[in-house]
Colleague: 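Next up is a structure, given as structure tokens.
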Protein chains: 2
Amino acid sequence: MSNATSSESSPSTRDQILDEALKCFAEKGYEGTSLNDIAAGVGIRRPSLLHHFASKETLYGDVFERLLSDWMERLDEAIAVPATGWDKAELVLRACLDLFAETPDYVRIMRREALDGGIHLGIDLSGVLRPFFDNAVTYLEGQMDAGVFTRLDARHLLITGYGAILTYFSDSPFVDGLIDDNAMNTKNISDHQEHVIQFFRSALLRS
Amino acid sequence: MSNATSSESSPSTRDQILDEALKCFAEKGYEGTSLNDIAAGVGIRRPSLLHHFASKETLYGDVFERLLSDWMERLDEAIAVPATGWDKAELVLRACLDLFAETPDYVRIMRREALDGGIHLGIDLSGVLRPFFDNAVTYLEGQMDAGVFTRLDARHLLITGYGAILTYFSDSPFVDGLIDDNAMNTKNISDHQEHVIQFFRSALLRS
DNA sequence: GTCTATACCGCGATAGAC
DNA sequence: GTCTATCGCGGTATAGAC
């Protein structure tokens, strides 16, 4: 996630910029972030930053590309683990929850991108995730046909699930105020994860 | 929702500005929206707009205030209707779903505000919604104690539910790409609503 | 109430010295 | 690779004529 240039002790300036840009874009959005903010966070001047990245847009593009490839890799791993029925669903669910908990900045950027509909880049976000989506639909419908899962609309279930899982992390400043506590501390994250698992289990299984 | 100055045929310039600002802030966010965009949408110049609102910040504040009071009113109505058990939950759920479907621009602004943690205003969003939240927690826990609803963490259930319901509307540009269709057309919205009801019913009831 | 004109600032980006 | 200096643009906001 954080860029390690092989086994150097200090990351390259380029990678420092990518890390700081990720943080700023997640926190304040594309429009709300200035190159000055990022440069200041790294400890350099704006023109020095533009020596490493041709423009704000390409910098954002690189941040987003790294985000997508990191996530894809993790998702592929989780999906590859062999399991069946509810166990499989729980495994993927847990993988997503762990992933999101470890990379909250990614989550917030994704949410902003989904909100804006991908204005900032040519990248078609839903297009990239479409294979995962279609795969999951097929799996869920198979389990429903087999009588393992409760019959629900698989496509809407996935969209609802995506919203249910993502929101806790993307809207954590808001959640803080609702629960009068830091939503992103270890215990609360753990509680949230167990709740989501229980919730989906309860909805999908008649045990 | 849309401002009607008593029963005039054409709304006041001030209300036209509020409507256009709502649209722009929802679509492109606070930072992404310029006063030029709003003024152009109304058909006036930027200085004319600033004759009606002292600054961009106060304009945003007024838009948000109207949003909150509109929603509160609707929510209060829905909660006031007498019902018990699952019927009550379904009633409130449907009220929220209808409300969100009718006011997608509100939803997107709310989501942006939750993401940003209320930077743009002094308004503490979670503080305003806190009474509803605490009320709902009490109700859910009562139903769980009575054995009507499946035992789940009521607070997390509400947060998860909030995410599940809001996301379809806030991220509709993204959903479009997943389902290869306009998420906000009548049929898809109706399908989504029925799905959410079924999903929660399945999770909360053992019928 | 709306306009033109203008002041002022911060932004992204470039040129060129070191 | 980093810096200072600068350009050009678009942003918010104000002044003053109509």
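Each chain gets a letter, A, B and so on, in the order the sequences are listed, and its residues count up from 1. Computation of the quantities below employed the complete heavy-atom set of this structure, encompassing side-chain atoms and omitting hydrogens, waters and symmetry-equivalent molecules.
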Colleague: Rounded to whole angstrom units, what separation is found between the CD atom of B:Glu31 and the C1' atom of C:dG10?
Modeller: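 For the pair B:Glu31 CD and C:dG10 C1', the rounded distance is 13 Å.
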Colleague: Please pick, from D:dC3, D:dA13, C:dT2, the nucleotide with the shortest atom-to-atom distance to any side-chain atom of B:Ile44.
Modeller: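 Selected nucleotide (nearest to the side chain): C:dT2.
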Colleague: Could you tell me whether B:Lys187 and B:Asp191 have a side-chain N and a carboxylate O separated by less than 4.0 Å?
Modeller: yes
Colleague: Indicate whether OP1 or OP2 belonging to C:dC3 is found under 4.0 Å from a side-chain N or O atom of B:Ser48.
Modeller: yes
Colleague: Does the D:dG11 base have a donor-acceptor partner in the side chain of B:Arg46 within less than 3.5 Å?
Modeller: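 Under the 3.5 Å cut-off, the side chain and the base do not form any donor-acceptor pair.
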Colleague: Expressed in angstrom and rounded to an integer, what is the separation of B:Lys28 atom NZ from D:dG11 atom C1'?
Modeller: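 Whole-Å distance recorded here is 13 Å.
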Colleague: Taking 4.0 angstrom as the limit, do A:Arg94 and A:Glu90 come out as a salt bridge?
Modeller: yes
Colleague: Quick one: are A:Ile165 and A:Leu93 in side-chain contact, heavy atoms under 4.5 Å?
Modeller: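 Result yes, sub-4.5 Å side-chain heavy-atom pair found.
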Colleague: Thinking salt bridges, do A:Asp19 and A:Arg66 make one under a 4.0 Å N-O criterion?
Modeller: yes
Colleague: Name the orientation class of the two ring planes belonging to A:His195 and A:His192 (parallel below 30°, tilted from 30 to 60°, perpendicular beyond 60°).
Modeller: tilted
Colleague: Could you tell me how far apart B:Glu57 (CD) and D:dT12 (P) are, to the nearest whole angstrom?
Modeller: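 Computing the B:Glu57:CD to D:dT12:P distance gives 12 Å.
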Colleague: What nucleotide, of D:dA13, D:dC3, C:dT4, holds the atom closest to the side chain of B:Pro47?
Modeller: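 When the side chain of B:Pro47 is considered, C:dT4 is the closest of D:dA13, D:dC3, C:dT4.
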Colleague: Write down the distance between CZ (A:Arg14) and P (D:dG1), rounded to a whole number of angstrom.
Modeller: 11 Å
Colleague: Between atom NE2 in A:His51 and atom P in C:dC18, what is the gap in whole Å?
Modeller: 18 Å
Colleague: Can you pull every protein N or O that's under 3.5 Å from an N or O on nucleotides 8-10 of chain D?
Modeller:
none

Colleague: Between C1' on C:dG10 and NZ on A:Lys56, what's the gap in Å once rounded to a whole number?
Modeller: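 It is 12 Å, rounded to the nearest whole Å.
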Colleague: Using a cut-off of 4.0 Å on non-hydrogen atoms, how would the nucleic acid contact of B:Leu50 be classed: base, sugar-phosphate, or nothing?
Modeller: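 Base: the residue B:Leu50, judged by heavy atoms under 4.0 Å, touches a nucleobase.
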Colleague: For the pair made of CG in B:Asp15 and P in C:dG1, what is the distance, rounded to whole Å?
Modeller: 12 Å
Colleague: What's the closest nucleotide to the side chain of B:Arg45 if the choices are C:dC3, D:dA13, C:dT2?
Modeller: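 The nucleotide sitting nearest to the side chain is C:dC3.
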Colleague: Between A:Asp98 and A:Arg74, is there a salt bridge with N-O shorter than 4.0 Å?
Modeller: no
Colleague: In terms of side-chain heavy atoms, does A:Asn188 have a donor or acceptor partner in A:Asp181 at a distance below 3.5 Å?
Modeller: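 Side-chain D/A pair, A:Asn188 to A:Asp181: present.
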Colleague: Picking from D:dC3, C:dA13, D:dG1, which would you name as closest to the side chain of A:His52?
Modeller: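 For A:His52, the side-chain atoms sit closest to D:dG1.
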Colleague: To the nearest Å, give me how far apart CD1 (A:Ile38) and P (C:dG12) are.
Modeller: 8 Å
